[in-house]
Amino acid sequence: MAIKETAEEEAVVSTRRTVRPRTRIWPLSALVYLYRNAGKSIPLVMVIMLAVLLETGVIALIDSIPFSIRMTYQYTQEMLGVSPRGDPTGTDRLLRDIQAHSPVPLERVMHCRVSNAQVESIVGHWPFVVLGLGQDDMRYYLRRLHTTQIEGRLPAPGAAEAIISEPVAKNLKLHIYDPSEPHKLREQSILLGPDKTDDYSPMPVKVVGIADTDQWLMINSIEYQRSNHFPPVDLGLVFAKNLKDQDKLGHWAEKHFQGKKALIFAHYMLEKQTKEMFNTLFSILDVVIFTLALVITFMMGMLMNIYQSQRLVEFGLLQAIGYTRSQMLWKVFAETAIVIFLGWMLGVAVAQGLLMVADRVLMQPHAFALQSFDQRAFNYALPLPVAILTVAAITVWWRFRRFDPVAIVERRLV
Amino acid sequence: MTEALPEPGGVINSLSASLEYHDQGKTVFACQDISLEVHPNEFLGILGPSGSGKSSLLYLLSGLKKPSHGDVLFEGSSLKRLSDDDRSRLRLREFGFVFQQPYLLGYLSAFENVRIASTSSHGDRHAFELLDRLGMGQKTHRRPHELSGGERQRVCVARALIGRPKVIFADEPTASLDHKNGIAVVSLLNRHREGGALIMVTHDESMLAEADRIVHLRDGRLV
């Protein structure tokens with residue numbers, strides 16, 4: 001760093017002759033002060049860094065909950081679900097209705113039977129659907145959900161078998177069933193079973209395939225579902241020809257089936273419900289973060305003020321020998337701005353680093369979703385440096401307003 | 001009808017300048033009705049006992065304080081009419097200061113402490129030469145806490161001289177030094193002022209042995 005090359009470092013005293021010092025950086029520049037007073041400036045930088053880290057970390061972690069919901073149920077973007085109400089035989093009728101009146105071209109409709117399982121999340125268990133599909137539908141569904149390849153195979157018709165995707169395998173720590181494995185390890189390849197309260201099936205449903213896709217899915221055969229799961233829950237799945245039409249189809253279906261005996265599952269509804277669910281939480285969070293920012297701002301403003309108060313002799317001397325009030329204000333402002341900027345940058349960098357580590361170590365092994373660069377979290381941290389700088393500038397300006405250098409040189413104030 | 005100001009001959013002219021302050025509702029004069037002319041190249045000593053208003057007079061003459069009444073002129077221009085910032089700029093450009101205490105910025109070296117008082121592009125060379133002439137050539141890189149009291153005051157002298165000021169104001173510069181060091185500092189100031197006027201206030205007459213003229217101050221008035 002160039003500061004090293006100021007006069008002090010350059011003035012090498014030899015036994016014969018003194019080397020003439022030179023100033024490459026003006027001695028009164030903000031950088032020289034901060035560098036030479038690192039013992040005071042570094043703690044201030046650290047406090048701001050911790051404040052930014054705290055604020056960013058809290059927001060990013062809370063944001064990870066709705067983000068996880070979106071990631072886990074992202075597959076709903078690809079289809080419209082429709083289920084009959086009060087008439088378990090009505091699924092085909094609903095599907096025919098959609099095919100006849102759909103406002104967008106359809107690629108495929110399928111009739112499936114479903115049961116429930118659960119996945120893990122950062123805030124506990126979430127329900128997840130196990131789709132019972134026919135073999136052709138199974139292949140289509142996997143392709144539609146961007147499966148590039150399958151490890152293992154598809155569940156056989158009527159067999160107590162299932163295929164899951166990689167995120168589900170990670171989340172539930174499941175692997176493909178291998179009869180040669182010891183019993184304990186084989187237990188870790190059972191998706192549903194008679195002894196699983198939340199993931200019940202009368203027979204142990206083994207994982208026989210893992211689909212290579214980012215989407216979350218659990219599929220078994222429709223024949224197995226029909227033979228083993230009661231009461232029957234039938235679901236019609238409707239796939240638009242163009243993915244961009246899927247949303248339009250969802251909105252249309254909700255309107256079309258309003259007041260009729262049908263339950264609609266569309267992606268936009270999930271988005272809407274998620275937003276509504278977290279609106280209150282985020283409103284509370286806004287208040288908490290605002291209060292935190294306020295406390296940190298005033299605390300830092302006061303710290304900056306105390307920090308500058310310790311330098312009254314310096315300011316008095318400089319003003320007495322001829323530096324103007326605005327020159328000193330600018331010097332203090334520049335020093336404060338550098339401290340705050342460094343603190344903020346460090347806070348953002350450390351937050352980013354820690355969130356990446358948390359994502360890698362804590363979240364990814366469970367397929368939990370966390371955005372290590374969460375734009376919203378960093379946006380929340382932006383007003384912090386601005387507020388601290390404003391409060392510090394105002395308090396210092398207020399102090400300088402009636403500052404009398406004579407009081408310093410006469411030692412009335414020191 | 002306007003009355004023309006008398007043409008001043010001095011570098012500093014005090015025209016019936018007074019400095020008053022208010023203490024518990026009472027008006028107290030730190031200096032009263034001071035008329036004084038300081039000539040270029042003159043060493044003027046202002047002598048007076050403690051509390052006689054010496055420092056206040058120095059602050060008036062240097063523009064650090066504005067007179068409550070009367071005026072102070074620098075080369076014929078009123079200091080009273082200048083804004084705070086203009087007076088600050090004038091001080092940096094035309095005046096040099098040595099205070100009672102050897103105030104230096106702790107995070108700067110001796111050289112840098114001198115350098116900050118000059119806006120000249122030759123400031124580096126001049127700062128070094130001054131420190132060398134004042135016997136500090138080997139200690140230019142030292143921080144104030146590595147210097148003795150006498151050495152610190154020499155650095156202050158160098159800082160006061162670096163801008164080749166037209167007037168140097170010294171406010172009891174020997175107060176924090178022993179007699180020998182005090183005499184040495186005054187002598188250095190006097191020898192190296194390069195044609196600038198030197199105004200020094202003190203209560204110790206022996207420090208004014210080299211003064212061209214001495215005025216006495218008592219209870220805020222020249223006597």
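The sequence lines fix the lettering, A, B, ..., with proteins before strands; numbering per chain opens at 1. These numbers were taken from a predicted model, which means no experiment stands behind them. Note that these values count all heavy atoms, side chains included, but never hydrogens, waters or copies made by symmetry.
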Check whether [X] gets within reach of chain A through its side chain, its backbone, both or neither, counting any heavy atom under 4.5 Å.
X	result
B/Arg93	neither
B/Glu129	side chain
B/Phe97	side chain
B/Leu104	backbone

First locate atom [atom1] of [X], then atom [atom2] of [Y], and finally report the distance between them rounded to the nearest 0.5 Å.
X	Y	atom1	atom2	value
A/Gln319	B/Arg87	CD	CZ	9.5 Å
B/Leu105	A/Leu28	CG	CG	6.5 Å
B/Phe169	A/Ile321	CZ	CD1	14.5 Å
B/Asp84	A/Phe403	CG	CZ	12.5 Å

So, are B/Asp85 and A/Arg325 salt-bridged, with charged N and O less than 4.0 Å apart?
->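 Answer for the salt bridge query: no.
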Which pair of non-hydrogen atoms, one from [X] and one from [Y], has the smallest distance, and what is that distance?
X	Y	answer
B/Leu108	A/Pro27	CD2-O, 3.5 Å
A/Trp26	B/Ile116	CH2-CA, 3.8 Å
B/Tyr103	A/Leu317	O-CD2, 3.6 Å

Got a sec: does the [atom1] of [X] have more than 12 other heavy atoms crowding it under 6.0 Å?
X	atom1	result
A/Met46	CE	yes
A/Met299	CE	yes
A/Arg360	CZ	no
A/Phe341	CZ	no

Is the shortest heavy-atom distance from the side chain of A/Gln327 to the side chain of B/Arg89 under 4.5 Å?
->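 They are not in contact (no side-chain heavy atoms under 4.5 Å apart), so the answer is no.
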Hey, is the main chain of A/Ala320 close enough, under 3.5 Å, to the side chain of B/Arg91 for a donor-acceptor pair?
->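 At least one qualifying donor-acceptor pair exists.
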Within the distance-only criterion (no hydrogens, no angle test), does the side chain of A/Tyr33 pair as donor or acceptor with the backbone N or O of B/Tyr107 below 3.5 angstrom?
->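 Flag not set: sc A/Tyr33 to bb B/Tyr107 has no pair under 3.5 Å.
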